[in-house]
2 protein chains.
Amino acid sequence: MIVSSTVIEGRLGLDGIAPPKRRRLGPEARREQILCAAVAWFAEVGFAGTTRDLARRAGVTQALLYKYFASKAELTEAVFERIYLGRLDPRWLKELRDRRVPLAERICRFYQQYTAAIFTYEWMRIFMWAGLAGDALNQRYLGHVGDKLLAPMADEIAAALGGHRPAMEDMWNLHGGIVYIGIRRFIYRLPTPDDHHPVIESAVARFLGGCAAAS
Amino acid sequence: MIVSSTVIEGRLGLDGIAPPKRRRLGPEARREQILCAAVAWFAEVGFAGTTRDLARRAGVTQALLYKYFASKAELTEAVFERIYLGRLDPRWLKELRDRRVPLAERICRFYQQYTAAIFTYEWMRIFMWAGLAGDALNQRYLGHVGDKLLAPMADEIAAALGGHRPAMEDMWNLHGGIVYIGIRRFIYRLPTPDDHHPVIESAVARFLGGCAAAS
DNA sequence: GGCTTCGGTGATCAAACGATCAACAAGCGA
DNA sequence: TCGCTTGTTGATCGTTTGATCACCGAAGCC
């Protein structure tokens, strides 16, 4: 009902708005448009969202989706790749290991870049939907975070403070406390401060202070 | 196909197992059985899970669900109530304020009880599914956690350390770091230590140490 | 045993779903 | 302007979904 009325209004321009005439786009541009809409749509309602609602949101017909993606599964696969690809910057590890910079500053700077990369509506929610669905990329991503970011970070802490190396569970505790800001904001839709850098700085300071005290 | 074969095997006992004869249960017992199965099922696959699969899992027919719940929405509502009800223990606040006990011990003991209450497969996952779906109870629950648990905890910290009161964002940081253990275990299905008490204790110690240092 | 009660089932409906297809029309070269 | 290419559409298919119904049969009473 909503569908038909929208279509009728659109094609006949009932309410004065110019009818959105059929536009021919190049294959790449159209595919990109659909993919962007899919990212936003699945982030909002999850992968159980219907292709019809997605098409309406993208401003195309449902049939057109299947000209660019063979199936809904292939579309969601493309959404995953788009979301995950290039989300982990290799420079982060290098900067974490750059001992010319004070340790606290390195970790703070890393988490500022990291949160800037993942604290988006689309990333946080799709990552959580995928996690609940048991997606394998999800676990691989977090394994990478642990092995290639948190473990080296623990090494740097041990080297800088001269004490014993923090356990990985403590590293995950630091990580989780910071990531939880994004979970509250984008998953639970609770108010969070626009600037989370002070929170990160004090969290990192507490963590390093605790590591130093434990040495 | 799977359905019919299962039913045939079940009713005719093809593979030697005694056919599960139709059992008459009291209304309360049957409703309880369905509700328990619904909690487990929706925790696993989310609220987009079908009533047919749920019924199969509960060992009853799909039609029977509607003898005890008027609609799927009413069933999910019952699942919510079952999950949320009595999950927040009023004694926690009292014990947090019991100044005869050392502050660190109070907070550690609280988080041991709190995690014992919420670190279950059903609770963590249904809470997350509901959060993504934008459920109102979710936000009310977290509002309660902030107002009735974390805020008083901040007051106690200020009173005990004689310094300034930790900002609520810092309290959420402590909270998130601990809750993230459950998120990794039950949402992302990643390996976590069976006993998370040492992690909690060191996290609380770091937090209080940081608060004392900031005073 | 016979009878009643009501918990339980198989069959089925209308709507919504993913997916397909012939037909249409916008844009471009001629 | 014409005609071809191909991006786009409305209609439609088969299946699955939540929900309903008439009917069945186990359990309790006499």
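- With C:dG18, D:dT17, C:dG8 as the choices, the nucleotide that has an atom nearest any side-chain atom of A:Thr50 turns out to be C:dG18.
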request  = Run the numbers on A:Phe186 and A:Trp123 for ring pair (Phe, Tyr, Trp, His ring centres under 6.0 Å), then give the verdict.
outcome  = CA-CA 9 Å; A:Phe186 297 110; A:Trp123 161 263; over 10 Å; no

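- C:dG7 atom P lies 14 Å from atom CZ of B:Arg31, rounded to whole Å.
- Side-chain contact annotation: A:Tyr111 with A:His175, donor-acceptor N/O pair under 3.5 Å present.
- Atom-to-atom, CG of A:Leu65 to P of C:dC17 comes out at 13 Å; the value is rounded to the nearest Å.
- In this structure, A:Gly59 and B:Ala63 both approach DNA chain D, and ranking their closest nucleotides by distance from the 5' end singles out A:Gly59.
- As rounded to whole Å, 19 Å separates atom P of D:dT15 from atom NZ of A:Lys72.
- What separates CG of A:Leu54 from C1' of C:dC17 is a distance of 14 Å, to the nearest Å.
- The side chain of A:Tyr68 lies closest to D:dG7, out of D:dG7, D:dG18, D:dT9.
- One donor-acceptor pair, N or O on each side, does fall under 3.5 Å between the base of D:dT6 and the side chain of A:Arg24.
- For C:dA19, one of the phosphate oxygens OP1 or OP2 lies less than 4.0 angstrom from a side-chain nitrogen or oxygen of A:Tyr66.
- Nucleotides of DNA chain C nearest to B:Gln62 and A:Lys67 differ in position, and the one nearer the 5' end is that of B:Gln62.
- When the nucleotides D:dT17, D:dA19, C:dT9 are ranked by their closest atom to the side chain of B:Ser71, D:dA19 comes out on top.
- Between B:Phe127 and B:Tyr84, the ring planes lie tilted relative to each other; the angle falls in the 30° to 60° range.
- Atom CG of A:Asp53 is separated from atom C1' of C:dA15 by 14 Å (rounded to the nearest Å).
- The CZ-C1' distance, from B:Arg52 to C:dT12, rounds to 10 Å in whole Å.
- Between the CZ atom of A:Arg56 and the P atom of C:dG18 there is a distance of 12 Å, given to the nearest Å.
- The side chain of A:Leu64 approaches D:dT8 more closely than any other nucleotide in the set D:dT8, D:dG18, C:dA19.
- The side chain of B:Thr61 has C:dG10 as its nearest neighbour among C:dG18, C:dG10, D:dG18.
- A:Arg109 and A:Gln112 share no donor-acceptor pair across their side chains, judged by distance under 3.5 Å alone.
- Between D:dG18, C:dG8, D:dT8, one nucleotide has an atom nearer to the side chain of A:Arg30 than all others, and that is D:dT8.
- Across all strands shown, B:Leu25 has heavy atoms under 4.0 Å from sugar-phosphate atoms exclusively, and none from any base.
- With hydrogens and angles left out, the side-chain atoms of B:Arg189 and A:Asn138 include no donor and acceptor closer than 3.5 Å.
- Computed from coordinates, the A:Leu75 CG to C:dA19 C1' distance equals 13 Å when rounded to whole Å.
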